[in-house]
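Only heavy atoms go into these numbers, but all of them, side chains included; no hydrogens, no water, no symmetry mates.
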Amino acid sequence: MARTNPLQFIQQVRSEVAKVVWPSRREVVLTTVMVFIMATITAIFFALVDLGIRSGLQGVLSLFG
């Protein structure tokens, strides 16, 4: 692998960063809101699953206890 000097490295980094397409503020806000919504839905789902499993186990254990 060829080594480059620091000046060439910085030039290459700047040229690569110039190729990046940065999201707009609107895209960032929408994505952030969607992440929070999906996290909330997931938390509610797993809370309900946990409640169901806990109730089921308590029911089964009450039969034998």
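Side chain of S55 to main chain of G52: no donor-acceptor pair is present (N/O by atom type, distance under 3.5 Å, no hydrogens or angles).
Put simply, OG1 on T31 and CZ on R26 are 10.5 Å apart, with the number rounded to the nearest 0.5 Å. Taken from CD1 in I37 to OG1 in T42, the straight-line distance is 11.5 Å, to the nearest 0.5 Å.
Under the 4.5 Å side-chain heavy-atom criterion for grouping Ile, Leu, Val, Met, Phe, Trp and Tyr, L57 is connected to F46 within one hydrophobic cluster. F45 and F36 fall into different hydrophobic clusters, where Ile, Leu, Val, Met, Phe, Trp and Tyr residues are linked whenever their side-chain heavy atoms come under 4.5 Å apart, directly or through other members.
In this structure N5 satisfies the side-chain contact (heavy atoms from CB on, under 4.5 Å) test together with L7, Q8, sequence neighbours excluded.
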